[in-house]
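Notes to accompany the following structure.
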Amino acid sequence: MPQPDADSAGVRFPPPLMFLGALIIGVLLQFIWSLPFLPWRIGMFSGTIVFGLGVLLVASAALLFTRAGTGLPPWTPTTQLVIRGPYRITRNPMYLGMAMIQAGLGLCLGSLWILFMLVPVLWWIRHKVIAAEEAYMEEKFGNAYRDYCGRVRRWL
């Protein structure tokens, strides 16, 4: 696991790996005990849209971080408060986008298990990752971050 920088939120486990692990568990559970879900065409259509929007959300948020010259992984320093683009709508567009990617795959594959596995991942992201990131951001950016939190919701 990466060692967190002293000037960081201190998150040690990469959140994308948490989503990937939940996805893999959901796929395995689907093979063990298939739960009928949606007709194939409806699942593929809706899942493709949700998946694509999730990819766009993650990519646009990551691009803004890169352009701002601030650390993308949560164990590296945040040098700037990024509040443009999708950050005007949600304080966590990357995590929201990753959840949409997993939900889209669950719809495409017709797997309730993949969707069910979002519950523990989102709990972990909210209580272990976002909580640490919010405390770090508030300490680092003070009133500017508190004002931002007052204007923009955590998820949607």
Side-chain angles (χ1 to χ4, degrees), residues 1-5 7-30 37-38 42-138 140-141 144-145 148-149 151-156:
M1 292 304 118
Q3 290 301 311
D5 192 288
D7 176 21
S8 76
V11 174
R12 294 175 187 265
F13 195 81
L17 291 182
M18 195 67 184
F19 282 99
L20 180 61
L23 178 64
I24 291 168
I25 291 169
V27 168
L28 291 173
L29 287 170
Q30 184 68 22
F37 183 38
L38 286 174
I42 294 171
M44 284 301 290
F45 178 76
S46 58
T48 300
I49 291 170
V50 172
F51 178 87
L53 290 173
V55 169
L56 286 173
L57 194 54
V58 171
S60 65
L63 182 62
L64 284 172
F65 262 49
T66 302
R67 285 184 178 165
T70 193
L72 192 58
W75 53 84
T76 61
T78 299
T79 58
Q80 278 193 343
L81 189 57
V82 178
I83 58 174
R84 300 182 340 250
Y87 289 94
R88 292 177 296 163
I89 300 166
T90 173
R91 294 194 315 254
N92 296 288
M94 286 187 238
Y95 301 138
L96 180 59
M98 287 181 224
M100 290 172 70
I101 289 167
Q102 182 167 336
L105 288 170
L107 292 169
C108 285
L109 298 173
S111 173
L112 278 175
W113 288 114
I114 291 173
L115 297 175
F116 289 159
M117 290 309 299
L118 272 172
V119 174
V121 171
L122 290 176
W123 183 91
W124 182 80
I125 291 290
R126 165 60 186 94
H127 294 283
K128 301 298 180 185
V129 177
I130 291 174
E133 289 177 345
E134 287 178 345
Y136 167 68
M137 298 290 281
E138 186 169 354
K140 184 154 187 161
F141 297 106
Y145 183 70
Y148 171 64
C149 290
R151 291 189 317 270
V152 178
R153 295 174 62 137
R154 182 176 289 127
W155 293 104
L156 285 177

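Quick caveat: nothing in here was measured; it's all calculated off a predicted structure. Just so you know, residue 1 is the first one in the sequence shown, and it goes up from there.
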Please report the C-alpha distance between Lys140 and Leu81 in whole Å, then the side-chain angles of each, then the deciding distance to 0.1 Å, and finally whether the side chain to side chain contact (heavy atoms under 4.5 Å, CB included) criterion is met.
CA-CA 10 Å; Lys140 184 154 187 161; Leu81 189 57; over 6 Å; no
Side chains of [X] and [Y], heavy atoms from C-beta outward: is any pair under 4.5 Å?
X: Ile24; Y: Met117; answer: no
X: Phe51; Y: Gln102; answer: no
X: Ser111; Y: Val27; answer: no
X: Trp124; Y: Val119; answer: no

Mind listing the closest non-hydrogen atom pair of [X] and [Y] along with its distance?
X: Glu133; Y: Asn92; result: OE1-OD1, 4.2 Å
X: Ala68; Y: Val82; result: CB-CG2, 3.9 Å
X: Ala132; Y: Ala9; result: CB-O, 3.5 Å
X: Gly43; Y: Leu38; result: CA-CD1, 3.9 Å
X: Pro93; Y: Ala61; result: CG-CB, 3.7 Å
X: Arg88; Y: Ile83; result: CG-O, 3.2 Å

Passes side chain to side chain contact (heavy atoms under 4.5 Å, CB included), Tyr148 versus Glu138? Steps please.
CA-CA 10 Å; Tyr148 171 64; Glu138 186 169 354; over 6 Å; no
Does Arg84, at its CZ atom, have more than 12 non-hydrogen atoms belonging to other residues, nucleotides or ligands within less than 6.0 Å?
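It does not: Arg84 CZ has 12 such atoms or fewer within range.
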CA sep, side-chain torsions, deciding dist, call: Val55, Met100, side chain to side chain contact (heavy atoms under 4.5 Å, CB included)
CA-CA 8 Å; Val55 169; Met100 290 172 70; over 6 Å; no
Please confirm whether the backbone N or O of [Y] pairs with a side-chain atom of [X], one donor and one acceptor, at under 3.5 Å?
X: Arg67; Y: Leu64; answer: no
X: Arg91; Y: Val152; answer: yes
X: Tyr95; Y: Arg126; answer: no

In Å, rounded to the nearest 0.5 Å, how long is the span from [atom1] of [X] to [atom2] of [Y]?
X: Leu109; Y: Leu105; atom1: CG; atom2: CG; value: 6.0 Å
X: Thr70; Y: Gln80; atom1: OG1; atom2: CD; value: 7.0 Å
X: Met18; Y: Leu23; atom1: CE; atom2: CG; value: 13.0 Å
X: Leu112; Y: Leu107; atom1: CG; atom2: CG; value: 9.0 Å
X: Ile89; Y: Trp155; atom1: CD1; atom2: CH2; value: 15.0 Å
X: Phe45; Y: Ile49; atom1: CZ; atom2: CD1; value: 3.5 Å

Under the ring-ring contact (aromatic ring centres under 6.0 Å, His included) test, residues paired with Phe65 that sit two or more places apart:
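Once residues adjacent in sequence are excluded, the partners of Phe65 under the ring-ring contact (aromatic ring centres under 6.0 Å, His included) criterion are Tyr87.
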Holding to ring-ring contact (aromatic ring centres under 6.0 Å, His included), I want the full list of residues that pass it with Phe37, two or more places apart in sequence or in another chain.
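Per chain and number, Phe37 pairs via ring-ring contact (aromatic ring centres under 6.0 Å, His included) with no residue.
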Classify the angle between the aromatic ring planes of Phe116 and Trp113 as parallel (below 30°), tilted (30 to 60°) or perpendicular (above 60°).
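If you compare the ring of Phe116 with that of Trp113, the planes turn out perpendicular.
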The test is side chain to side chain contact (heavy atoms under 4.5 Å, CB included); show your working for Arg154 and Thr90 and say whether it passes.
CA-CA 6 Å; Arg154 182 176 289 127; Thr90 173; over 6 Å; no
